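Each chain gets a letter, A, B and so on, in the order the sequences are listed, and its residues count up from 1. Quick caveat: nothing in here was measured; it's all calculated off a predicted structure.
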Amino acid sequence: MPMEKTFDAAEAEARLYAAWDQAGAFAAGANAKPGAEPFCIMIPPPNVTGSLHMGHAFNNTLQDILTRWHRMRGHDVLWQPGQDHAGIATQMVVERELARSQQPSRREMGREAFLEKVWEWKAQSGGRIVEQLKRLGASCDWSRNAFTMSGAPGAPATDKGNFHDAVIKVFVELYNKGLIYRGKRLVNWDPHFETAISDLEVEQVELNGNLWRLRYPLADGATYEHPVAFDEDGRATEWETRDYLVVATTRPETMLGDTGVAVHPDDIRYEHLIGKHVVLPITGRRVPIVGDAYADPDKGTGCVKITPAHDFNDWGVGQRTGLRVINIMDTRAAIALQGNADFAEGCPEDQIAAAIEMFDGRDRYEAREALVTLAGDEGWLDGIDAERHMVPHGDRSKVAIEPFLTDQWFVDTAKIVEPALDAVRRGMAAQEAGQFDETAGYTRILPERDAKTYYHWLENIEPWCISRQLWWGHQIPVWYGPGVEKDGTADYSAENQKVFCGASFEEVAAQARKFYGVGTVHEKADFSAALEDQLESFSNSESSVSLWREPDVLDTWFSSGLWPIGTLGWPEETPELQKYFPTSVLVTGFDIIFFWVARMMMMQLAVVDQIPFHTVYVHALVRDEKGKKMSKSLGNVLDPLELIDEYGADAVRFTLTAMAAMGRDLKLSTQRVAGYRNFTTKLWNACRFAEMNGVWEGHATRTAPPEPKATVNRWILGETARVREAVDEALNGFRFDAAANALYAFTRGKVCDWYVEFAKPLFDDPETAGETRETMAWVLDQCMILLHPIMPFITEELWATTGTRAKPLVHAEWPTYGSEMIDAAADREMNWVVGLIEEIRSARAQVHVPVGLKLDMVQLSLDEAGRGALGRNEALLKRLARIEGISEAAEAPKGALTIAVEGGAFAIPLAGIIDIAEERARLAKTLEKLQKDLGGLRGRLGNPKFVESAPEDVVDETRAKLEQGEDEAEKLSAALKRLAELG
RNA sequence: GGGCGCGUAGCUCAGCGGUAGAGCACUACGUUGACAUCGUAGUGGCCACAGGUUCGAUCCCUGUCGCGCCCA
């Protein structure tokens, strides 16, 4: 059945993918040669809640290209897929689902029942992104699909994998090494999800706000002189005596938790007040005035209110100057004063009662409004200035985060950062020196700019808060028990509780038995249950202790940080771990260098003392065609699946690849995708042309290239060799755009534009028809092979329809031929022929000779090489330049086009057909351009310093160019002169 | 404010010491036996600006001006 006119991507893609999948074509090690070197890519795990967006499409296209390329080269390839459990996002999705279907809420059903719901949801909807990646053509080993929560309590027994054990083991090891600690710290608190988040999960958003100025009365009758008038140099000339300080704040409601006022220690206006006190309005709390450089004398009044429990900077001031810490909010960022002993301490009872009456339980924003109103009414509101300022927001919840004082778990990153920095420093140094060695145990980051980003962050690293107050996640493997006082009595106070860390309760119970010297250890749900249980066993005079487990779970990124070893089966010494670790290349977006890349480096080095990968290729962002970030709110999102529906996966992939210049954002337009869809059609039709000319009859994949005699055929073999080298070089250097563009230029510019055209007359000649069919079959096979990593579907379909194949294209052998296949003579000859044809076409078009008109041509002069070339290629020259016959003459006939080429000149008689003036204008323009070039060349050669200092080959080349150009110019001048004589 | 980049054809971008390239768009012509999802030809550039290094700078260095991103 003859080929269709176009490739039906919508029909073929699913069929082809299913065939690959069923054949196990993507399985680890598929198509590997014996003893092949391993090549492993870890997919950046998409969220289990995720669906494919343009960034994924780009990211995974690049990974797939590398994967397919290595697989075809016979390497032992694993592209490891998987998803991460996305703690907050998944919990949010499932909670929303519960609300929609009017089921009990998370809190109503409790932790265990809720987690069951999450697992149910995951089983039902968690595989969506996998199906979407398949549509893109991603050749992952899906049989190994991993999940960062696999093996966790509650996971379905049918699910494979045990990532959970790896995560727990790492936590315990790092804890035992003293690299993880618990501490009461100010953290970024998300009041919507009621959990701590890491500083990376905080976005700064610029908002319109106010700076409220509040008056705090000085205590004990103190006063100071406040300047009110200034001379032209800014010196104060008049003062007024004030008995209050003015502080400015963007968050007036936090004054309920103020414990001090800071001024700069050198600020002459205030230095005598340091050590004195103010009395806070509302609460009547007496708080000290402290000196701290954090107070900027030039900002506002130079006085800053200090709320250590609700601001990171204030926390620092409080620590340095010994201020109290008063938390005045609950986990939802509502004011919490009732029963708040810290708050009440030191304040008059009636004022506390009034404050509770007015603010307790109110949301922070409501409280702010009420407080400002009150300040206005009572006369201590000094003024309001509108201001734009940055407000930290949770990247998931989009609500303003609240600095919040809680107990959290931290990784002491400062202690594990050095090896991660060192590995990249060494990797980059080797890369710079051109001596990069994939097996040397260091890591390079490409492009170099991103290595700088990596250094910058790691060199200034902060402790990593890894605990989250969520349910969906790896529960921290820590149990608490009472502390023991010197006299042996139990101490249940929070600060003295004993921490036990172990991979299971059994392990922990053993520790506890030893520590307390008891026979039995009970596990209880929480502190109060444990206490109750303890009292009961005490009354039964039982020798036991009751422990309760840390309820918090680990940051999802903590588990993702173990992705390379975790997916390969660590801590088991699996064959895959042996073979594929350290992995080869990580392909990822610049936005998760901190979140993920840096943490994987630190954690792998800390846990198994090896780098996780030797190369990190960082790609840029896919933007819309105007350069805007794609976002739902802007409505400029391009859905990769819709694009695939419309243009086919190959076109989408090729577009992204061709635009993947290192370190540069992509501005994607559908027009561009359409252009590359047309390119796939072009390839399809070249194969169809071949089919119509019997090229595929009896064709089978050949192991060695053909050895044709005709110049045209020898030439295209050389061009093929060139592009193969170019593609390998480009991919070796992660220049995906260069690979795509080289293939585009070759397939379209060489094969379709010229070779197919040249082949037409060759097919008519029985002498050359056979070898041309052979050569064309081989060349088109090479196009399919070399294009396959970028456009797998159409190439696989062509492969199947055009010949007898031992293996599908996905496992075809990647070629290694190179410059030995370039026939320099054929190359020169074909370039000359192409040049001549282009000259003739151009001249014809410029003087408006109808395209259909066949003309005679006169050969005026021609050197030997030219005669040979012309003789061998006359048929195709005549056809492509639409020349009827060629004759020789010493002089050009009157009224002719003049064509000057290397080594000779031709004339095309056109008496009566063309406008002489037009031809004169054309020649004059050509000559003018040529003379300009020649002027430059002469200038350079006339400069003795150039001849002296420039490399010899550059000088020689310049001379040759000049000579050839002068020759051409001479011929053009002669032709012009003739035309002038003609009038 | 600190850090990292980027200003090249109308647009999107390659190139990065030897005098500028691609795709798209545009113009003209064209149904030549693969392809109109096409072909042929063409228009279009003080390579942001100013200095410096060099025989030679779009490319290297310094500064200026514009733009972007990340971190405060």
Original post:
Taking the inter-plane angle between the rings of A:Tyr617 and A:Phe734 on a 0 to 90° scale, is it parallel (under 30°), tilted (30 to 60°) or perpendicular (over 60°)?
Top reply: parallel
**OP:** Could you say whether A:Met659 or A:Trp754 is positioned toward the 5' end of RNA chain B, judged by the nucleotide with the nearest heavy atom to each?
**Re:** A:Met659
Original post:
Within the structure, does a side-chain N or O atom of A:Arg735 lie under 4.0 Å from either OP1 or OP2 of B:rG15?
Top reply: yes
Original post:
When you measure from the side chain of A:Glu13 to the backbone N and O of A:Ala649, does any donor-acceptor pair fall under 3.5 Å?
Top reply: yes
Original post:
Under 4.0 angstrom, heavy atoms only, what part of the nucleic acid is A:Lys961 near: base, sugar-phosphate, or nothing?
Top reply: sugar-phosphate
**OP:** Using distance alone, with no hydrogens and no angle criterion, decide if A:Asn685 and A:Arg688 have a side-chain donor and acceptor under 3.5 Å apart.
**Re:** yes
Subject >> Strand-adjacent residues in residues 927-937 of chain A, judged by heavy atoms under 4.0 Å from RNA chain B >> reply: none
Subject >> Whole angstrom value for the distance that separates P of B:rU54 from CD of A:Glu948 >> reply: 15 Å
**OP:** State whether a side-chain donor-acceptor pair under 3.5 Å links A:Asp650 with A:Thr680.
**Re:** no
Original post:
Checking all strands, does A:Glu838 fall into the base, sugar-phosphate, or nothing category for heavy-atom contacts under 4.0 angstrom?
Top reply: sugar-phosphate
Subject >> Ion pair check, A:Lys961 and A:Glu966, cut-off under 4.0 Å >> reply: no
Original post:
Below 4.5 Å, heavy atoms only, C-beta onward: do A:Val847 and A:Arg922 meet side chain to side chain?
Top reply: yes
Original post:
Using a cut-off of 4.0 Å on non-hydrogen atoms, how would the nucleic acid contact of A:Pro944 be classed: base, sugar-phosphate, or nothing?
Top reply: nothing
Subject >> OP1 or OP2 of B:rC70 under 4.0 Å from side-chain N/O of A:Lys452 >> reply: no
Original post:
Atom CG of A:Leu897 and atom P of B:rA41: how far apart are they, to the nearest Å?
Top reply: 15 Å
Subject >> A:Arg735 bridged to A:Asp737 by N-O distance under 4.0 Å >> reply: yes
Subject >> Separation between the C1' atoms of B:rC29 and B:rG66, rounded to whole Å >> reply: 42 Å
**OP:** Could you check A:Asp737 against A:Lys945 and say which one's nearest nucleotide on RNA chain B is further toward the 5' end?
**Re:** A:Asp737
**OP:** Using the P atom on both, measure B:rG2 against B:rA57 and round to a whole Å.
**Re:** 34 Å
Original post:
For nucleotides 33-38 of chain B, read 5' to 3', which letter fits each nucleotide if B means a protein heavy atom sits under 4.0 Å from the base, S means only the sugar-phosphate is that close, and - means neither?
Top reply: BBBSBS
Subject >> Rounded distance in Å - CZ (A:Arg672) to P (B:rU12) >> reply: 12 Å
Original post:
Is the distance between the ring centroids of A:Tyr755 and A:Phe746 less than 6.0 Å?
Top reply: no
Original post:
Would you say the side chains of A:Glu797 and A:Thr801 form a donor-acceptor pair under 3.5 Å?
Top reply: no
Original post:
Which is true for A:Thr453 with a 4.0 Å heavy-atom rule: it touches a base, it touches only sugar-phosphate, or it touches nothing?
Top reply: nothing
Subject >> B:rG10 and B:rG42, which share atom name C1', separated by this distance in whole Å >> reply: 16 Å
Subject >> A:Thr958 vs B:rG18: side-chain N/O to OP1/OP2 distance below 4.0 Å >> reply: no
Original post:
Using atom P of each nucleotide, how far apart are B:rG39 and B:rC24 to the nearest Å?
Top reply: 9 Å
Original post:
When the P atoms of B:rU43 and B:rA48 are considered, how many whole Å apart are they?
Top reply: 23 Å
Original post:
Starting at the 5' end of RNA chain B, what dot-bracket string do you get if Watson-Crick and G-U pairs under 3.5 Å are bracketed, crossing pairs use [ ], other-strand pairs use | and unpaired bases use dots?
Top reply: (((((((..((((....[..)))).(((((.......))))).....(((((..]....)))))))))))).
Subject >> Check: A:Leu211 and A:Thr249 side chains under 4.5 Å, non-hydrogen atoms >> reply: no
Original post:
Atom CZ of A:Arg940 and atom P of B:rG17: how far apart are they, to the nearest Å?
Top reply: 16 Å
Original post:
How far does the C1' atom of B:rG45 sit from the matching atom of B:rA22, given to the nearest Å?
Top reply: 14 Å
**OP:** Using a heavy-atom cut-off of under 4.0 Å over every strand shown, decide if A:Asn943 touches base, sugar-phosphate, or nothing.
**Re:** sugar-phosphate
Subject >> Separation of B:rU19 C1' from A:Leu941 CG (nearest whole Å) >> reply: 13 Å
**OP:** Please state how far atom OH in A:Tyr454 lies from atom C1' in B:rC69, giving the value in whole angstrom units.
**Re:** 21 Å
Original post:
Do the charged groups of A:Lys398 and A:Glu203 touch, with an N to O distance under 4.0 Å?
Top reply: yes
Original post:
Quick one: do the A:His264 and A:Asp292 side chains pair a donor with an acceptor below 3.5 Å?
Top reply: no
Original post:
Is it true that A:Arg938 and A:Glu963 have a side-chain N and a carboxylate O under 4.0 angstrom from each other?
Top reply: no
Original post:
Roughly, in whole Å, what's the span from CZ in A:Phe746 to P in B:rA22?
Top reply: 19 Å
Subject >> Pi-cation contact, A:Tyr744 with A:Lys682 (under 6.0 Å, within 45°) >> reply: no
Original post:
Using the C1' atom in both, what is the distance from B:rC59 to B:rG3, to the nearest Å?
Top reply: 25 Å
**OP:** Round to the nearest Å and state the distance from A:Phe946 atom CZ to B:rG56 atom C1'.
**Re:** 8 Å
Original post:
B:rU53 and B:rA14: how far apart are their C1' atoms, nearest whole angstrom?
Top reply: 27 Å
